[in-house]
2 protein chains.
Amino acid sequence: MVREPLGEEAAVDLARMFKALSDPVRLRLLSLIASHEGGEACVCDLTGPFDVSQPTISHHLKVLREAGLVSSERRGTWVYYWVLPAALARLSALLQIPVATGGSR
Amino acid sequence: MVREPLGEEAAVDLARMFKALSDPVRLRLLSLIASHEGGEACVCDLTGPFDVSQPTISHHLKVLREAGLVSSERRGTWVYYWVLPAALARLSALLQIPVATGGSR
DNA sequence: AGACTGTATCGACGTCTGTCGATATGGCCG
DNA sequence: CGGCCATATCGACAGACGTCGATACAGTCT
């Protein structure tokens, strides 16, 4: 981001990912999934901690999935979600600004 | 984010920052500012590369400023904007997911 | 097969967001 | 002073978003 001005199409793509992170419920969902034992969580573990309805949770999970931040799989009765680390790493790297002190330009 | 499930108030705060990044124009604005010589850019350097009107650019800059991602100052005729590295670093660190295999950081 | 649980989809509603043109504000200069 | 340039604010409008209840779908268990 600091190196070059970020092309228009790349910006659209990245903005879609950041938009998925722009809701408190989705941030907490992502955090719950990432911090869950085994790196994955069943939806049944995710509906409890929130004040919103089950369809709303399902909707937020869909947004995260379509943004490419998580993936999911049905195993029997339950559906499990896990984080896609490469996507988060991409965003994290983008925000990495070289510290200004010293020889920065 | 992986360590602990991210409290509700922290999520609200972080979501506000991510929301500021959730628009392609704002992402490119931020990138233009960060990559500009001297680490700061005059608004007059920022209105050119976009297809949107000047008031819209001004609006987006306000959003970035109110999210705490950039700061600005008037110097004579022009207004200059620069990135606040600590804010971006906070978001970047949050998205840093330890690679699952082995102990890499 | 039928009942029951877990999850997703649908349709609706109020609110928020990005955009614009018009206009206001702040500062330079002739 | 008066005009001009750079930037911000205002008001309006279409479209997107978060949320809900109702309902559909998928799998399991008797």
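Throughout, a chain's letter reflects where its sequence line sits, starting with A, and its residues are numbered from 1.
OP1 or OP2 of D:dC17 sits under 4.0 Å from a side-chain N or O of A:Lys19.
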Q) If the sugar-phosphate is the primed atoms plus P, OP1 and OP2 and the base is the rest, what is the B/S/- string for nucleotides 6-11 of chain C, using protein heavy atoms under 4.0 Å? A) SBBB--
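The separation between A:Phe50 atom CZ and D:dC20 atom P is 12 Å, rounded to whole Å. Distance, B:Arg75 CZ to C:dG26 C1': 16 Å, rounded to whole Å. To the nearest angstrom, C1' of D:dG18 lies 15 Å from CZ of A:Arg28. Atom CG of B:Leu21 and atom P of C:dT17 are 14 Å apart (whole Å). In this structure, CG of B:Leu64 is placed 14 Å from C1' of C:dG18, rounded to the nearest angstrom. Rounded to whole Å, atom P of D:dG18 lies 17 Å from atom CG of A:Asp51. As rounded to whole Å, 15 Å separates atom C1' of D:dT9 from atom NE2 of B:His60. Rounded to whole angstrom, the span from the CD atom of B:Glu66 across to the P atom of D:dA8 amounts to 12 Å.
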Q: Test B:Leu95 against A:Leu21 for side-chain contact (heavy atoms from CB on, under 4.5 Å), laying out the working first.
A: CA-CA 10 Å; B:Leu95 298 177; A:Leu21 297 175; 4.0 Å; yes
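Taking the charged nitrogens against the carboxylate oxygens, A:Arg28 and A:Asp23 have no contact shorter than 4.0 Å, which rules out a salt bridge.
At least one donor-acceptor pair closer than 3.5 Å links the side chain of B:Arg26 to the backbone N or O of B:Lys19. Judged by distance alone, with hydrogens and angles left aside, the side-chain atoms of A:Ser31 form no donor-acceptor pair with the main-chain N or O of A:Leu27 at under 3.5 Å.
In this structure, A:Pro24 and B:Ala11 approach most closely via the heavy-atom pair O-CB, 3.8 Å.
Partner of B:Leu61 under the side-chain contact (heavy atoms from CB on, under 4.5 Å) criterion, chosen from B:Leu46, B:Leu30, B:Val70: B:Leu46.
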